[in-house]
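Remember, predicted model here, so these are calculated numbers, not experimental data. Residue numbers begin at 1 in each chain, while the letters A, B, ... track the order of the sequences.
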Amino acid sequence: MKNAELDTLEQLRAGIRLLAKGRYPETVSADGCSELVGEIVYLFNQIAGHFKELYEYAVPLARGNLQVERPGKTNFLAGSLKELHSKLNHLTWQAQQIEKGDYKQRVDFMGEFSQAFNSMVSKLEERELRLKEEILVRQQAEAEVREQNKLITDSIHYAAVIQQSVLPEPAFLHNYLAESFIIWRPRDIVGGDFYWYAPCAGGFMAAVIDCTGHGVPGAFMTLAVNQMLKQLLDEDRDYQPSAVLTFLDEKFHETFYANTVTKERLYAGLDMGLVKVDTVAQKVVFAGARLPLFHVHDGNLREIPGSRRSVGYEKKSRLGRKARSVPFENREFYYEPGDGLYLSTDGFFDQHGENPDPFGIDRFAELVAEYFPLAMKDQKTALLQSLEAYMGMEAQRDDITVMGLKF
Amino acid sequence: MERLYRAGTKSSPEVDFNPGTGILKVSGQSYPENASGFYQDIFIWLKDYLTANHGRVVMELNISYMNTSSTKCLMDIIYMLEDAFAEGSDICINWYYSAKNRSMLECGEEFREELSMEFNLIPQNSGQ
């Protein structure tokens, strides 16, 4: 044997050892060898090449890299792996189809895996169908609630038209006053607050009225009370404000507390601030049911408290205790041109903001005095801006009514 | 008897009636949509408590706002205490109000004028 062949054989032995250990030999050279040895070297190099290719293919594949390049057709060792590779590619595509909602996909290789996979797909399909049904049911329910809500809201919006139709025309006051404003802000679409004007001997009467409750129940009360006041006007007597309050109190008991069935469940009444203005004598008579009057004269504001008694509500008749009877009282004073009168329900005073403390009647009085030099319409704007600043993101808590009168 | 506790919400007060100490607390704001519904259980609890208990009862009221129907409910509760007082129970009401909150002070004054039991008006710094 030639030296060159011995050397080549040595290289082959080393190469086979490496292959047995899972490593790759360099290409063996057959230079200077016989044809036989040359062919062995050629075959060895081919097998070593297949193993190298197989290894470089199988390792990335096992690690999940489906993009790895496939070995050529001649590498018979890689054939089955390539088939697996194709199936994994197809499985990936199937999973993508399922992701898009195609639940018809089924897998038919790898025995238990395909069973588990297929069962997962059909469970997914079932679950999606169930969810779709649930969503449909919920959407129907939502649509119904929306429809109901719309009916109710439409109905209340029309109720608001009715409630507003009984409110007096602001132009009425132009006959008697230099300027005036009214703030009327029900908490809901309609409310338990309203305001009232009427002519009387020598001038007019004006009132703000806060009936129990807000929203629809409150609005019911305002209509009833408006009717009671109308009845009083029809009597054509010259009522003093305190007598108006007493009249309403009696009417309230006749109207709402005569029914023995509902009596127990009813808690109906109102707070009211009422002025009677004699524009000839320049005299104001005020009576309040828990609401005050503010009088601004010469830049100074004074608060004239109302009586500590509401109109209506069931008379307390506790055993061993006689019912408390606070009378409604008239407070009289004379005014001068340029003076201002302000009536307000408690909605403005009681409005809360970020701070749980209400806006407060004292803060209201301070602002009225501060804004008094402004035109009435600007006073209204300024008062509302102050209220909104205090409220911040909080919702309106009660109906709000404020009346400003300037002589 | 079991302690009666209700966490406060924006529109309903925190209620903590402790039968062990005899301290009955109501604090926060009270304007629930259905006040008589809210106060009904409280009313029943108090009635049972006043029947079963004969020790000192202190009601701590720290309310920054009450609507009309809540005021009516609270009035019923206070009258129940007043009746128990008239029958010999040792009862005291502490009415806390923020110094800036005139309407709660006036409301407390009105209650006090009508009642014979101990009724303390206690001013507090704002925001408490």
Side-chain angles (χ1 to χ4, degrees), chain A residues 187-188 192 210-215 217-218 221 264-271 290-292 303 305-310 312-314 316-324 326 345-365 394-399, chain B residues 8-14 27-37 39-40 62-73 75-76 78-83 85-87 96-116 123-128:
Chain A
R187 188 196 74 172
D188 307 315
D210 174 1
C211 300
T212 316
H214 21 69
M221 302 287 292
E264 287 304 307
R265 290 159 56 204
L266 199 69
Y267 191 62
L270 62 83
D271 292 349
R290 291 193 177 275
L291 294 181
E303 180 187 332
S307 304
R308 280 187 166 185
R309 175 183 166 186
S310 294
Y313 300 111
E314 197 190 357
K316 277 274 151 199
S317 55
R318 288 170 4 88
L319 286 172
R321 172 175 288 272
K322 61 174 191 293
R324 198 164 60 110
V326 178
T345 60
D346 60 6
F348 202 119
F349 315 149
D350 287 343
Q351 179 60 48
H352 65 299
E354 316 280 306
N355 184 327
D357 277 339
F359 189 89
I361 191 165
D362 294 323
R363 192 195 305 257
F364 175 82
E394 298 295 318
Q396 186 175 332
R397 180 154 65 186
D398 196 2
D399 301 326
Chain B
T9 70
K10 191 150 247 182
S11 62
S12 65
E14 180 185 15
S27 43
Q29 312 192 51
S30 183
Y31 55 107
E33 273 310 312
N34 179 2
S36 51
Y39 283 99
Q40 193 175 24
N62 189 352
I63 299 168
S64 61
Y65 172 74
M66 274 189 292
N67 66 2
T68 317
S69 37
S70 295
T71 311
K72 155 91 162 66
C73 295
M75 199 163 76
D76 290 340
I78 288 177
Y79 282 154
M80 198 195 284
L81 290 170
E82 172 83 353
D83 287 344
F85 172 78
E87 283 163 20
Y96 297 91
Y97 65 97
S98 149
K100 283 185 182 165
N101 195 339
R102 202 177 103 193
S103 61
M104 288 315 293
L105 166 63
E106 287 175 357
C107 184
E109 282 173 347
E110 260 187 74
F111 274 128
R112 187 169 66 175
E113 281 168 23
E114 269 211 55
L115 302 168
S116 319
Q124 294 204 301
N125 291 328
S126 186
Q128 285 188 331

_Just so I know, are the side chains of Q351(A) and Y65(B) near enough to count as touching, which here means a heavy-atom distance under 4.5 Å?_
no

_Exercise: do D357(A) and S64(B) side chains pair donor with acceptor under 3.5 Å_ = no

*Run the salt bridge (charged side-chain N to carboxylate O under 4.0 Å, His left out) check on E110(B) and R290(A) step by step: do they pass?*
CA-CA 12 Å; E110(B) 260 187 74; R290(A) 291 193 177 275; 2.8 Å; yes

*Could you give the distance from NE2 (H214(A)) to OH (Y31(B)), rounded to the nearest 0.5 Å?*
9.5 Å

*asked:* Any carboxylate oxygen within less than 4.0 angstrom of a Lys/Arg side-chain nitrogen, looking at E394(A) and K10(B)?
replied: yes

_As an exercise, state the distance from CG of N101(B) to CZ of F349(A), rounded to the nearest 0.5 Å._
13.0 Å

*Mind checking what makes side chain to side chain donor-acceptor pair (under 3.5 Å) contact with Q29(B), not counting sequence neighbours?*
R397(A)

*Heavy-atom side-chain proximity of R102(B) to R363(A) below 4.5 angstrom*: no

*Minimum heavy-atom distance Y313(A)-T68(B), with the two atoms named*: OH-CG2, 3.3 Å

*For residues R308(A) and E106(B), report the shortest heavy-atom separation together with the two atoms involved.*
NH2-O, 4.0 Å

*S69(B): what forms a side chain to side chain donor-acceptor pair (under 3.5 Å) with it, not counting sequence neighbours?*
none

*Under 4.5 Å from a heavy atom of chain B, the part of D398(A) involved*: side chain

*Does any non-hydrogen side-chain atom of D350(A) lie less than 4.5 Å from one of S103(B)?*
yes

